[in-house]
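What follows is a single structure, written as structure tokens, with notes after it.
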Amino acid sequence: MKKFYTLTILCLGTLPVFAQDKETGGSVLTNPGVMITIILILLPLLFVVYLVTVKISRLTKTIRQSKIKVDAKQLASDLHEVSSEELLLEVAKRKQALNFSLSDHELTGNLKPEDTKGMINNPVSVDSPRFFASKKKYVKRPEIDPALTKLILWYLGTATFYLVLGTTVGEYLGIKFSAPDIDHVPWLSFGRLRPVHTNMVFWGWSSLAMIGLGYYVVPIVSNTPLASIKRGWYGLVLINAAVILGTYSLMAGVNNGGGEYREYIWPIMLLFALGLGVTLLNYLQTIAKRKTKEIYLSNWYIVSAVMFTIVIALVGYLPFWQNGLGETIAQGYYMHQAVGMWFMLFNLGLIYYFLPQQLNTPIYSYSLGILAFWSQILFYTLIGSHHFIFSAIPWWLQTVAIIGSMGMLIPVAAGTTNFLMTFRSSWHKIGSSYTLPFYLVGIIFYFTGSYQGTAEAFRTSNLYWHFTDFTVAHSHITMYGIIAFMLWAGIYTLVPRLTNKEPRQGLVGAHFWLAFLGILFYAVPLMIGATLKGQLWIDGKPFIDGVVLMAPYWLWRAIGGSLMWFSHLIFAYNLYTMVHKKQEADLKTAVFEELKKIPDTSNI
């Protein structure tokens, strides 16, 4: 009973942390100034440790050298006492032992090898220096309908176009943070270009790429042809029309106003919703005709993502609750569900097919996948209001959003465990694959980015990070580190199977490292600077002090964004080579083609 009462008192003592007051709560160690001070103290200590290590290493080397000299003197003394005949005999024996070599026929005999049964396939001789580690080629899969191949490639091609164009706009915006007077054209103002960037990469790049990959996954795990190729083209046209018209209207200053990620006016967003409706009907009819009894996990995620997004669009655009605080609550729901229930849910469905297939092993646990699916649907639909902590919306609703954010620990832990355990016994394959590094980075960011979102939801952390660039860093970690990397992984996996053409592995490596280093250079400085800015605000410093503070961190943002943007150009070229590259001459193929031309004389 004493333990029970003590635990109760300790729990009650933490309640003031959640009160709506100006106290920051938490440990003093979480204060950015204290953390920086600790780091500054640790730096000279680390230097001292380094010096001590060097000294010990040199002392050890000196002792070893002195021991070698002593042993050499002893050996010379022993050799002097040995007779010359014995010494020459031992030297001859040692020389014979050193010159011994195997004949390479101890196990095989002297017969020449013959591959009479054709068991050796694709022999390769290395006759030039290798600058890159050799990667495995794609595994040829059963042929699919050429019409479906064309449809998928058009989805991926238009998505890549929007990726390059949308991030070019984002690159220009990043430069504006360091050079704000670079232009004075209304159509190129930050207020107009920022929604152009976000909406283009949301609805143009990510959405079209996901739907295109879905048109491959849904039929193949259902073991049945796609219900309607024509309906797939209808969806492609509708979504492209929405993105093009939406971009033009935003640059012209015609927008929905105030709603992040829903800046498109409702007639334009209606085109996108119709495209999703056509896609959903196509997916459902395909699954209904499946030749398997069960519905595989990928189709659960993919179909649910499309269904939720149609609901999200209705909630975000129907006017019935768009007044006062109702609009704020609807905006929080719309904004967060677009990320978690559209992009995240759909991509997880793709990964549940592509990752096991690439590793040539089943998913670790179907049950963990189901747990992650239902727990994400339960908790993620509650968390939109955690963007409005300390706002005028009801306190209980803010608390519900925080609890939902904590609940997201369950699906993220279940999904990450499932993916990493699927990697078990296959970690060695990463070094010989140019697709698996993209999967692994996406999974790591899925874990870290999602848990970071939970940490941001607490009231104490909101005091530091809300309205700062920390949110910008977090959104890029999730939408870029998770969604983009997973989509690239799926595209590099699928397109060579559709076209029988591989990208250059060196350029794939350049794409990976530029994108990976770019997102780190982008996000980490912004998180550091935003924390310091939040501390300034808590201390009551003028707003302009935060602007001056962020100047060097915005420079790092521009550098990271430039690396990311350049990687997208490489990716676009890689996709082009996978689709349109001329078939390179291959000696083996050429020989067999010539052999086919020789007349068959076996019947003469």
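If you read the sequence from its start, that first residue is 1, and numbering goes on from there. Remember, predicted model here, so these are calculated numbers, not experimental data.
- Between the CG atom of L359 and the CZ atom of R424 there is a distance of 10.0 Å, given to the nearest 0.5 Å.
- Within a 6.0 Å radius of CZ in F423, other residues, nucleotides and ligands contribute more than 12 heavy atoms.
- For the atom pair CD1 (I152) and CG (L226), the distance works out to 8.5 Å, reported to the nearest 0.5 Å.
- The aromatic rings of H476 and H197 lie parallel to each other, their planes meeting at an angle below 30°, with 60° marking the opposite boundary.
- In this structure, the side chains of F516 and F438 stay at 4.5 Å or more apart for every pair of heavy atoms.
- Ring pair H511/Y573: centre-to-centre distance not below 6.0 Å.
- A distance-only check finds no donor-acceptor pair linking the side chain of T167 to the backbone of G170 [under 3.5 Å].
- Within 6.0 Å of NZ in K289 there are more than 12 heavy atoms belonging to other residues, nucleotides or ligands.
- To the nearest 0.5 Å, atom CD1 of residue I302 and atom OG1 of residue T279 are 11.5 Å apart.
- For the pair Q331 (side chain) and R262 (backbone), a donor-acceptor distance under 3.5 Å is absent.
- Here the shortest heavy-atom pairing between P225 and P219 reads C-CB, 4.3 Å.
- The backbone N or O of G349 lies less than 3.5 Å from a partner atom in the side chain of S298, making a donor-acceptor pair.
- No more than 12 heavy atoms of other residues, nucleotides or ligands shown are found within 6.0 angstrom of CH2 on W154.
- Applying the 6.0 Å contact sphere to CE of M406 captures no more than 12 heavy atoms from other residues, nucleotides or ligands.
- Aromatic ring pairs are classed by plane angle as parallel below 30°, tilted from 30° to 60° and perpendicular above 60°; the pair Y334 and Y317 is perpendicular.
- Side-chain contact check for M486 versus L350: every heavy-atom pair is 4.5 Å or farther apart.
- Ring geometry for W205 against F571 counts as perpendicular: the plane angle is over 60°, on a 0 to 90° scale with 30° as the lower cut.
- Within the 4.5 Å cutoff, no side-chain heavy atoms of L271 are placed close to those of I239.
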Dump the intermediate steps for side chain to side chain contact (heavy atoms under 4.5 Å, CB included) on V221 and I287, then the final yes or no. CA-CA 9 Å; V221 299; I287 296 171; over 6 Å; no
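- Counting only heavy atoms from C-beta outward, the side chains of M564 and E171 never approach each other to under 4.5 Å.
- Between L575 atom CG and T499 atom OG1 the span is 9.0 Å, to the nearest 0.5 Å.
- Shown here for W465 and T471, the closest heavy-atom pair between the two residues is O-OG1, 4.1 Å.
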Evaluate Q357 against T493 for side chain to side chain contact (heavy atoms under 4.5 Å, CB included), listing each step before the verdict. CA-CA 10 Å; Q357 191 280 322; T493 299; 4.1 Å; yes
List the steps, then state whether ring-ring contact (aromatic ring centres under 6.0 Å, His included) holds for H336 with Y380. CA-CA 8 Å; H336 225 108; Y380 209 102; 5.3 Å; yes
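- No donor-acceptor contact under 3.5 angstrom links the side chains of R497 and T149, judged on distance only.
- Inspection of the Y492 and N574 side chains reveals an N or O donor paired with an N or O acceptor under 3.5 Å.
- Here the closest heavy-atom approach between residue Y480 and residue S567 is recorded as OH-OG, 3.6 Å.
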Does T435 form a side chain to side chain contact (heavy atoms under 4.5 Å, CB included) with F354? I'd like the steps, not just the answer. CA-CA 10 Å; T435 59; F354 282 121; over 6 Å; no
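- Side-chain atoms of Y283 and N299 include no donor-acceptor pair closer than 3.5 Å.
- Each of F419, Y439, W300 was compared with Y352 under the ring pair (Phe, Tyr, Trp, His ring centres under 6.0 Å) criterion, and only F419 meets it.
- Looking at F272 and L238, their side chains never come closer than 4.5 Å, going by heavy atoms from C-beta outward.
- Heavy atoms from other residues, nucleotides or ligands lying under 6.0 Å from OH of Y364 number 12 at most.
- Taking 4.5 Å as the limit, every side-chain heavy atom of S206 sits out of range of all side-chain heavy atoms of F346.
- Here the shortest heavy-atom pairing between W342 and T309 reads CE3-OG1, 2.9 Å.
- The nearest pair of heavy atoms linking T361 to T422 is CG2-O, 3.6 Å.
- Rounding to the nearest 0.5 Å places OG1 of T286 at 13.0 Å from CD1 of I220.
- Between atom CG of residue L281 and atom OH of residue Y234 there is a gap of 12.5 Å, rounded to the nearest 0.5 Å.
- In this structure a side-chain-to-backbone donor-acceptor pair under 3.5 Å is missing from S450 to F447.
- Considering N199, V201, N240 as possible partners of Y162, the one that fulfils the side chain to side chain contact (heavy atoms under 4.5 Å, CB included) test is N240.
- Counting heavy atoms of neighbouring residues, nucleotides and ligands inside a 6.0 Å radius, atom CH2 of W427 exceeds 12 of them.
- Note: H568 and W488 have tilted aromatic rings, judged against thresholds of 30 and 60 degrees for the angle between ring planes.
- At a threshold of 4.5 Å between non-hydrogen side-chain atoms, the residues F379 and L409 do not count as touching.
- Summarising the geometry of H386 relative to A401, their closest heavy-atom pair is N-CB, 3.3 Å, with the distance given to 0.1 Å.
- Residues F343 and T478 have side chains not in contact (no heavy-atom distance under 4.5 Å, counting atoms from C-beta outward).
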